[in-house]
Amino acid sequence: MKPPFPIEIDGKVIQVTEGQTVLEVCQANGIDIPVMCHFEGLPDVGACRLCLVELKGVPKLLPACTLRVAPNQVINTQTEKIKKYRKMIVEALFCERDHVCAICVANGNCELQDLAKKVGVDHMRFPDILQPLELDASHPYFVIDHNRCIMCTRCVRVCAEVEGAHNFDIKNRSYKVRIISDFNQPWGESKTCTSCGKCVAVCPVGALWSKSSYQGKIEKKKEAICDLIRKRKVNV
Amino acid sequence: MTKKDNQKDEAMQQLMKDPRFKLLTAVIKKNQNQSDTLIQILHQAQNLFGYLPMPVIKYIAEALSLPPSQVYGVVTFYNFFSLKQKGEHTCLVCTGTACYVKGAEKILAAIHEKYGIKPDETTQDNKFGLQIARCLGACGLAPVAVVDNEVVSKVRVEDFMPILEKKIGGKP
(Lines give C-alpha, C1' and ligand atoms only; values in the text may rest on other atoms or scores of the structure.)
Protein backbone atom coordinates (compact mmCIF):
# COMPACT_ATOMS: atom_id res chain seq x y z
CA MET A 1 0.00 0.00 0.00
CA LYS A 2 1.40 3.34 -1.06
CA PRO A 3 1.18 6.16 1.49
CA PRO A 4 -1.69 8.60 0.96
CA PHE A 5 -1.04 12.28 0.31
CA PRO A 6 -3.36 15.30 0.28
CA ILE A 7 -4.58 17.23 -2.78
CA GLU A 8 -7.04 20.11 -2.92
CA ILE A 9 -10.24 19.81 -4.96
CA ASP A 10 -12.74 22.70 -4.92
CA GLY A 11 -11.15 24.00 -1.72
CA LYS A 12 -11.51 20.67 0.06
CA VAL A 13 -8.42 18.76 1.13
CA ILE A 14 -8.73 15.09 0.16
CA GLN A 15 -6.40 12.19 0.92
CA VAL A 16 -5.50 10.26 -2.21
CA THR A 17 -3.05 7.54 -3.21
CA GLU A 18 -0.78 7.39 -6.21
CA GLY A 19 -2.29 5.91 -9.36
CA GLN A 20 -5.82 7.19 -8.82
CA THR A 21 -7.37 9.47 -11.43
CA VAL A 22 -8.92 12.79 -10.47
CA LEU A 23 -12.29 11.51 -11.67
CA GLU A 24 -12.14 8.49 -9.36
CA VAL A 25 -11.31 10.73 -6.41
CA CYS A 26 -14.15 13.12 -7.25
CA GLN A 27 -16.69 10.33 -7.63
CA ALA A 28 -15.61 8.76 -4.33
CA ASN A 29 -16.03 12.12 -2.56
CA GLY A 30 -19.35 13.12 -4.00
CA ILE A 31 -18.02 15.80 -6.34
CA ASP A 32 -20.22 15.78 -9.40
CA ILE A 33 -18.40 15.69 -12.74
CA PRO A 34 -20.39 14.91 -15.89
CA VAL A 35 -18.95 12.10 -18.02
CA MET A 36 -19.77 10.60 -21.37
CA CYS A 37 -16.99 8.41 -22.72
CA HIS A 38 -15.99 7.17 -19.25
CA PHE A 39 -17.45 3.81 -18.26
CA GLU A 40 -16.64 2.19 -14.94
CA GLY A 41 -14.05 -0.54 -15.50
CA LEU A 42 -13.15 0.33 -19.09
CA PRO A 43 -9.84 2.04 -19.88
CA ASP A 44 -10.28 5.80 -20.18
CA VAL A 45 -9.41 7.63 -23.38
CA GLY A 46 -10.45 11.22 -22.66
CA ALA A 47 -12.47 11.43 -25.85
CA CYS A 48 -15.53 13.48 -24.89
CA ARG A 49 -13.78 16.23 -22.87
CA LEU A 50 -16.84 16.63 -20.64
CA CYS A 51 -14.92 15.93 -17.44
CA LEU A 52 -12.53 18.84 -18.01
CA VAL A 53 -11.11 20.34 -14.82
CA GLU A 54 -8.81 23.22 -13.98
CA LEU A 55 -5.41 22.33 -12.59
CA LYS A 56 -3.63 25.26 -10.97
CA GLY A 57 -0.46 26.16 -12.85
CA VAL A 58 -1.60 24.57 -16.13
CA PRO A 59 -3.08 27.03 -18.63
CA LYS A 60 -5.31 24.52 -20.43
CA LEU A 61 -8.16 22.42 -19.07
CA LEU A 62 -7.44 18.74 -18.51
CA PRO A 63 -9.78 15.75 -18.62
CA ALA A 64 -10.27 14.37 -15.09
CA CYS A 65 -10.62 10.78 -16.32
CA THR A 66 -7.03 10.56 -17.57
CA LEU A 67 -5.46 13.01 -15.11
CA ARG A 68 -3.54 11.15 -12.41
CA VAL A 69 -3.29 12.62 -8.93
CA ALA A 70 0.07 14.02 -7.89
CA PRO A 71 1.24 15.80 -4.72
CA ASN A 72 0.42 19.51 -4.32
CA GLN A 73 -2.30 19.53 -6.98
CA VAL A 74 -4.94 22.22 -6.65
CA ILE A 75 -7.97 21.38 -8.78
CA ASN A 76 -11.18 23.25 -9.52
CA THR A 77 -14.11 21.40 -11.02
CA GLN A 78 -17.01 23.87 -10.95
CA THR A 79 -15.73 27.23 -12.22
CA GLU A 80 -17.73 29.40 -14.62
CA LYS A 81 -15.25 28.70 -17.42
CA ILE A 82 -15.65 24.92 -17.07
CA LYS A 83 -19.45 25.16 -16.93
CA LYS A 84 -19.43 27.22 -20.11
CA TYR A 85 -17.19 24.71 -21.85
CA ARG A 86 -19.27 21.72 -20.75
CA LYS A 87 -22.43 23.28 -22.10
CA MET A 88 -20.74 24.03 -25.37
CA ILE A 89 -19.43 20.46 -25.68
CA VAL A 90 -22.92 19.03 -25.17
CA GLU A 91 -24.29 21.40 -27.78
CA ALA A 92 -21.54 20.37 -30.18
CA LEU A 93 -22.38 16.71 -29.61
CA PHE A 94 -26.00 17.42 -30.43
CA CYS A 95 -25.42 19.35 -33.61
CA GLU A 96 -22.74 17.07 -35.02
CA ARG A 97 -25.19 14.33 -35.97
CA ASP A 98 -28.90 13.70 -35.99
CA HIS A 99 -30.16 13.61 -32.40
CA VAL A 100 -33.93 13.77 -32.47
CA CYS A 101 -35.19 12.41 -29.16
CA ALA A 102 -38.81 12.00 -30.21
CA ILE A 103 -38.03 9.22 -32.67
CA CYS A 104 -35.12 7.61 -30.81
CA VAL A 105 -35.15 4.16 -29.18
CA ALA A 106 -33.21 5.54 -26.23
CA ASN A 107 -35.63 8.39 -25.49
CA GLY A 108 -35.88 8.71 -21.71
CA ASN A 109 -33.02 6.28 -21.21
CA CYS A 110 -30.23 8.28 -22.78
CA GLU A 111 -27.12 9.67 -21.14
CA LEU A 112 -26.84 12.49 -23.67
CA GLN A 113 -30.40 13.57 -22.98
CA ASP A 114 -29.83 13.47 -19.21
CA LEU A 115 -26.64 15.42 -19.59
CA ALA A 116 -28.32 18.10 -21.69
CA LYS A 117 -30.89 18.57 -18.93
CA LYS A 118 -28.16 18.69 -16.32
CA VAL A 119 -25.95 21.31 -17.96
CA GLY A 120 -28.97 23.29 -19.13
CA VAL A 121 -28.95 22.88 -22.89
CA ASP A 122 -32.42 23.83 -24.09
CA HIS A 123 -31.62 24.94 -27.62
CA MET A 124 -28.74 24.87 -30.07
CA ARG A 125 -26.68 27.92 -30.85
CA PHE A 126 -24.79 26.19 -33.63
CA PRO A 127 -26.22 25.10 -36.97
CA ASP A 128 -26.74 21.37 -37.44
CA ILE A 129 -24.24 19.60 -39.66
CA LEU A 130 -26.90 16.98 -40.44
CA GLN A 131 -25.05 14.66 -42.74
CA PRO A 132 -27.39 11.72 -43.29
CA LEU A 133 -25.39 8.59 -42.50
CA GLU A 134 -26.22 4.97 -43.09
CA LEU A 135 -27.90 2.66 -40.65
CA ASP A 136 -26.48 -0.85 -40.50
CA ALA A 137 -29.10 -3.47 -39.70
CA SER A 138 -27.25 -6.39 -41.27
CA HIS A 139 -26.59 -8.05 -37.92
CA PRO A 140 -29.23 -10.65 -36.97
CA TYR A 141 -29.86 -9.15 -33.49
CA PHE A 142 -28.47 -5.63 -33.32
CA VAL A 143 -28.54 -2.38 -35.23
CA ILE A 144 -25.96 0.41 -35.39
CA ASP A 145 -27.20 3.85 -36.38
CA HIS A 146 -24.27 6.13 -37.14
CA ASN A 147 -26.55 9.18 -37.07
CA ARG A 148 -26.92 8.86 -33.32
CA CYS A 149 -23.35 7.89 -32.52
CA ILE A 150 -21.38 10.40 -30.44
CA MET A 151 -18.02 8.63 -30.86
CA CYS A 152 -17.50 7.90 -27.18
CA THR A 153 -15.84 4.61 -28.28
CA ARG A 154 -17.29 2.69 -25.34
CA CYS A 155 -18.42 -0.08 -27.71
CA VAL A 156 -14.93 -0.26 -29.22
CA ARG A 157 -13.34 -0.60 -25.79
CA VAL A 158 -15.84 -3.05 -24.33
CA CYS A 159 -15.52 -5.27 -27.42
CA ALA A 160 -11.72 -5.20 -27.34
CA GLU A 161 -11.08 -5.26 -23.59
CA VAL A 162 -13.95 -7.17 -22.05
CA GLU A 163 -15.26 -9.46 -24.77
CA GLY A 164 -11.83 -9.64 -26.42
CA ALA A 165 -13.28 -9.83 -29.93
CA HIS A 166 -12.30 -6.33 -31.13
CA ASN A 167 -14.98 -6.30 -33.79
CA PHE A 168 -15.33 -2.52 -33.63
CA ASP A 169 -12.82 0.19 -34.21
CA ILE A 170 -12.85 3.68 -35.63
CA LYS A 171 -11.88 4.81 -39.10
CA ASN A 172 -10.80 8.22 -40.41
CA ARG A 173 -10.75 11.27 -38.20
CA SER A 174 -12.42 14.59 -37.52
CA TYR A 175 -16.01 14.80 -38.81
CA LYS A 176 -15.46 11.80 -41.10
CA VAL A 177 -14.88 9.51 -38.15
CA ARG A 178 -17.06 6.37 -38.01
CA ILE A 179 -17.38 3.18 -36.03
CA ILE A 180 -16.42 0.26 -38.27
CA SER A 181 -16.82 -3.45 -38.04
CA ASP A 182 -13.87 -5.57 -39.22
CA PHE A 183 -12.64 -4.24 -42.60
CA ASN A 184 -15.33 -1.58 -42.84
CA GLN A 185 -17.85 -4.31 -43.65
CA PRO A 186 -21.53 -4.58 -42.81
CA TRP A 187 -21.81 -5.73 -39.19
CA GLY A 188 -23.62 -8.89 -40.21
CA GLU A 189 -20.65 -10.02 -42.29
CA SER A 190 -18.17 -9.56 -39.48
CA LYS A 191 -16.08 -12.60 -38.66
CA THR A 192 -14.95 -11.39 -35.25
CA CYS A 193 -18.31 -10.39 -33.73
CA THR A 194 -19.55 -12.91 -31.16
CA SER A 195 -23.03 -11.31 -30.91
CA CYS A 196 -22.59 -10.94 -27.14
CA GLY A 197 -24.36 -7.58 -27.01
CA LYS A 198 -21.93 -5.86 -24.65
CA CYS A 199 -21.60 -2.95 -27.07
CA VAL A 200 -25.36 -2.43 -26.99
CA ALA A 201 -25.37 -2.47 -23.20
CA VAL A 202 -22.69 0.21 -22.80
CA CYS A 203 -23.84 2.59 -25.55
CA PRO A 204 -24.87 5.83 -23.79
CA VAL A 205 -27.21 6.90 -26.57
CA GLY A 206 -29.48 5.18 -29.08
CA ALA A 207 -26.78 4.40 -31.63
CA LEU A 208 -26.73 0.70 -30.76
CA TRP A 209 -29.88 -1.17 -29.97
CA SER A 210 -31.23 -4.65 -30.18
CA LYS A 211 -33.88 -5.45 -32.75
CA SER A 212 -36.32 -6.49 -30.04
CA SER A 213 -36.51 -2.95 -28.60
CA TYR A 214 -38.70 -0.21 -29.99
CA GLN A 215 -39.05 3.54 -29.63
CA GLY A 216 -38.35 4.75 -26.11
CA LYS A 217 -38.33 1.20 -24.74
CA ILE A 218 -34.68 0.32 -24.83
CA GLU A 219 -33.14 -1.68 -22.01
CA LYS A 220 -29.46 -1.30 -21.34
CA LYS A 221 -27.86 -3.59 -18.81
CA LYS A 222 -25.03 -1.27 -17.86
CA GLU A 223 -24.75 -2.56 -14.28
CA ALA A 224 -24.30 -6.10 -15.58
CA ILE A 225 -21.22 -5.06 -17.55
CA CYS A 226 -19.80 -3.07 -14.60
CA ASP A 227 -20.34 -6.12 -12.38
CA LEU A 228 -18.68 -8.43 -14.87
CA ILE A 229 -15.58 -6.25 -15.12
CA ARG A 230 -15.33 -5.84 -11.35
CA LYS A 231 -15.67 -9.57 -10.64
CA ARG A 232 -13.07 -10.42 -13.24
CA LYS A 233 -10.60 -7.97 -11.74
CA VAL A 234 -11.13 -9.45 -8.27
CA ASN A 235 -10.59 -12.96 -9.58
CA VAL A 236 -7.42 -12.00 -11.43
CA MET B 1 -17.94 -21.99 -48.93
CA THR B 2 -20.06 -19.25 -50.43
CA LYS B 3 -19.43 -17.56 -53.73
CA LYS B 4 -18.17 -14.46 -51.95
CA ASP B 5 -15.56 -16.40 -50.00
CA ASN B 6 -14.33 -17.95 -53.23
CA GLN B 7 -13.87 -14.54 -54.76
CA LYS B 8 -11.92 -13.38 -51.73
CA ASP B 9 -9.64 -16.37 -51.95
CA GLU B 10 -8.98 -15.60 -55.58
CA ALA B 11 -7.86 -12.11 -54.64
CA MET B 12 -5.57 -13.62 -52.02
CA GLN B 13 -4.12 -16.12 -54.47
CA GLN B 14 -3.45 -13.40 -56.98
CA LEU B 15 -1.64 -11.48 -54.31
CA MET B 16 0.51 -14.49 -53.47
CA LYS B 17 1.69 -14.69 -57.08
CA ASP B 18 2.76 -11.06 -56.97
CA PRO B 19 6.57 -10.73 -56.66
CA ARG B 20 6.10 -7.80 -54.27
CA PHE B 21 4.26 -10.10 -51.91
CA LYS B 22 7.50 -12.00 -51.21
CA LEU B 23 9.19 -8.76 -50.21
CA LEU B 24 6.28 -7.99 -47.90
CA THR B 25 6.51 -11.39 -46.21
CA ALA B 26 10.23 -10.80 -45.74
CA VAL B 27 9.52 -7.46 -44.04
CA ILE B 28 6.99 -9.08 -41.73
CA LYS B 29 9.41 -11.89 -40.94
CA LYS B 30 12.17 -9.40 -40.22
CA ASN B 31 9.86 -7.76 -37.69
CA GLN B 32 9.13 -11.19 -36.18
CA ASN B 33 5.36 -10.85 -36.67
CA GLN B 34 5.30 -8.38 -33.77
CA SER B 35 1.99 -6.54 -33.59
CA ASP B 36 3.63 -3.29 -32.48
CA THR B 37 5.50 -3.06 -35.79
CA LEU B 38 2.23 -2.55 -37.68
CA ILE B 39 3.00 0.98 -38.80
CA GLN B 40 6.48 0.12 -40.10
CA ILE B 41 5.04 -2.81 -42.04
CA LEU B 42 2.21 -0.73 -43.49
CA HIS B 43 4.82 1.86 -44.46
CA GLN B 44 6.82 -0.76 -46.34
CA ALA B 45 3.71 -2.20 -47.95
CA GLN B 46 2.65 1.25 -49.12
CA ASN B 47 6.11 1.81 -50.63
CA LEU B 48 6.01 -1.59 -52.34
CA PHE B 49 2.52 -1.39 -53.81
CA GLY B 50 2.08 2.37 -54.07
CA TYR B 51 -1.12 2.03 -52.06
CA LEU B 52 -2.68 -0.54 -49.72
CA PRO B 53 -4.93 -2.99 -51.55
CA MET B 54 -7.49 -4.80 -49.38
CA PRO B 55 -5.87 -8.27 -49.69
CA VAL B 56 -2.59 -6.78 -48.43
CA ILE B 57 -4.29 -5.26 -45.39
CA LYS B 58 -6.02 -8.55 -44.68
CA TYR B 59 -2.77 -10.45 -45.00
CA ILE B 60 -0.96 -8.04 -42.64
CA ALA B 61 -3.74 -8.25 -40.05
CA GLU B 62 -3.60 -12.02 -40.20
CA ALA B 63 0.20 -12.18 -40.03
CA LEU B 64 0.44 -9.85 -37.03
CA SER B 65 -2.56 -11.42 -35.24
CA LEU B 66 -4.27 -8.05 -35.05
CA PRO B 67 -8.00 -7.39 -35.16
CA PRO B 68 -9.06 -6.41 -38.71
CA SER B 69 -10.86 -3.28 -37.54
CA GLN B 70 -7.77 -1.99 -35.75
CA VAL B 71 -5.56 -2.33 -38.84
CA TYR B 72 -8.20 -0.66 -40.99
CA GLY B 73 -8.49 2.12 -38.40
CA VAL B 74 -4.74 2.78 -38.49
CA VAL B 75 -4.71 2.80 -42.30
CA THR B 76 -7.51 5.36 -42.51
CA PHE B 77 -6.17 7.51 -39.66
CA TYR B 78 -2.83 8.41 -41.22
CA ASN B 79 -2.73 10.57 -44.29
CA PHE B 80 0.28 8.74 -45.68
CA PHE B 81 -1.59 5.47 -46.17
CA SER B 82 -3.96 5.20 -49.08
CA LEU B 83 -6.60 2.63 -49.93
CA LYS B 84 -6.86 3.92 -53.46
CA GLN B 85 -4.24 3.89 -56.15
CA LYS B 86 -2.36 7.16 -56.05
CA GLY B 87 -1.33 7.37 -59.69
CA GLU B 88 2.03 7.13 -61.39
CA HIS B 89 2.80 10.78 -60.80
CA THR B 90 1.52 12.66 -57.82
CA CYS B 91 1.02 16.28 -57.02
CA LEU B 92 0.37 17.48 -53.51
CA VAL B 93 -0.86 21.04 -53.18
CA CYS B 94 -0.72 22.76 -49.81
CA THR B 95 -3.96 24.53 -48.89
CA GLY B 96 -2.82 25.90 -45.55
CA THR B 97 -3.65 29.50 -44.68
CA ALA B 98 -0.53 31.06 -46.18
CA CYS B 99 -0.69 29.02 -49.38
CA TYR B 100 -4.40 29.69 -49.68
CA VAL B 101 -3.84 33.42 -49.49
CA LYS B 102 -1.05 33.17 -52.05
CA GLY B 103 -3.33 31.39 -54.52
CA ALA B 104 -3.28 27.61 -53.92
CA GLU B 105 -6.92 27.56 -54.95
CA LYS B 106 -5.98 28.94 -58.35
CA ILE B 107 -3.50 26.10 -58.84
CA LEU B 108 -6.14 23.52 -57.96
CA ALA B 109 -8.59 25.15 -60.35
CA ALA B 110 -6.00 25.13 -63.13
CA ILE B 111 -5.29 21.43 -62.54
CA HIS B 112 -8.99 20.68 -62.54
CA GLU B 113 -9.42 22.55 -65.78
CA LYS B 114 -6.59 20.71 -67.50
CA TYR B 115 -6.86 17.19 -66.11
CA GLY B 116 -10.45 17.12 -64.87
CA ILE B 117 -9.59 15.85 -61.40
CA LYS B 118 -10.32 17.14 -57.94
CA PRO B 119 -8.25 16.52 -54.80
CA ASP B 120 -7.95 12.84 -53.84
CA GLU B 121 -8.71 11.73 -57.40
CA THR B 122 -6.58 10.24 -60.14
CA THR B 123 -6.91 10.53 -63.91
CA GLN B 124 -8.61 7.64 -65.65
CA ASP B 125 -5.38 6.24 -67.10
CA ASN B 126 -4.00 6.29 -63.54
CA LYS B 127 -1.12 8.46 -64.63
CA PHE B 128 -1.62 11.45 -62.41
CA GLY B 129 -3.08 11.82 -58.93
CA LEU B 130 -3.84 15.01 -57.05
CA GLN B 131 -3.77 15.42 -53.30
CA ILE B 132 -4.06 18.32 -50.91
CA ALA B 133 -2.46 18.90 -47.54
CA ARG B 134 -3.58 21.21 -44.76
CA CYS B 135 -0.12 22.60 -44.18
CA LEU B 136 3.35 21.43 -45.10
CA GLY B 137 4.93 23.65 -42.47
CA ALA B 138 6.83 25.67 -45.05
CA CYS B 139 4.66 28.76 -45.12
CA GLY B 140 7.65 30.93 -46.09
CA LEU B 141 7.67 29.16 -49.43
CA ALA B 142 3.95 29.70 -50.08
CA PRO B 143 2.32 28.60 -52.25
CA VAL B 144 3.91 25.16 -52.04
CA ALA B 145 3.29 22.05 -54.08
CA VAL B 146 5.10 18.72 -54.08
CA VAL B 147 5.38 17.13 -57.51
CA ASP B 148 6.73 13.58 -57.46
CA ASN B 149 8.42 14.14 -54.09
CA GLU B 150 10.05 17.34 -55.27
CA VAL B 151 9.09 20.61 -53.62
CA VAL B 152 8.01 23.40 -55.93
CA SER B 153 7.84 26.66 -54.02
CA LYS B 154 6.66 30.24 -54.50
CA VAL B 155 4.94 29.40 -57.74
CA ARG B 156 2.38 31.30 -59.73
CA VAL B 157 -0.16 29.37 -61.72
CA GLU B 158 1.33 30.41 -65.07
CA ASP B 159 4.75 29.10 -64.01
CA PHE B 160 3.45 26.04 -62.24
CA MET B 161 1.49 24.39 -65.01
CA PRO B 162 4.48 23.99 -67.39
CA ILE B 163 6.50 22.41 -64.54
CA LEU B 164 3.69 19.97 -63.89
CA GLU B 165 3.27 19.12 -67.56
CA LYS B 166 6.98 18.49 -67.91
CA LYS B 167 6.94 16.06 -64.99
CA ILE B 168 3.87 14.18 -66.06
CA GLY B 169 4.90 14.07 -69.66
CA GLY B 170 2.56 16.31 -71.58
CA LYS B 171 -0.93 15.23 -72.35
CA PRO B 172 -3.43 14.13 -69.76
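Order of the sequence lines sets the chain letters (A, B, ...), proteins ahead of strands, with each chain counted from 1.
Shown here is A:Q20, whose CD atom has more than 12 heavy atoms of other residues, nucleotides or ligands within 6.0 Å. Annotation for B:D159: atom CG counts as buried by contact number, over 12 foreign heavy atoms lying within 6.0 Å. Other residues, nucleotides and ligands place no more than 12 heavy atoms under 6.0 Å from the NZ atom of B:K102. Counting non-hydrogen atoms of neighbouring residues, nucleotides and ligands closer than 6.0 angstrom, the NZ atom of B:K84 reaches no more than 12 such neighbours. Residue B:Y100 places its OH atom among 12 or fewer non-hydrogen atoms of other residues, nucleotides or ligands, all under 6.0 Å distant.
Under the rule for a side chain to side chain donor-acceptor pair (under 3.5 Å), B:Q44 has no partner lying at least two apart in sequence or in another chain.
For B:S69 (side chain) and A:F183 (main-chain N/O), no donor-acceptor pair under 3.5 Å exists by modelled atom type.
Note: A:T192 OG1 to B:Q70 CD = 11.5 Å, rounded to the nearest 0.5 Å. Separating the CG atom in B:L66 from the NE2 atom in A:H166 is a distance of 9.0 Å, to the nearest 0.5 Å. The OG atom of A:S174 sits 10.5 Å away from the CZ atom of B:F77 when rounded to the nearest 0.5 Å.
The two atoms that bring A:I180 and B:G73 nearest to each other are CD1-N, 4.3 Å, heavy atoms only. Heavy-atom minimum distance, B:T76 versus A:N172: OG1-N, 3.0 Å. The minimum heavy-atom distance between A:K171 and B:Y72, with the atom names listed, is CD-CE2, 4.0 Å.
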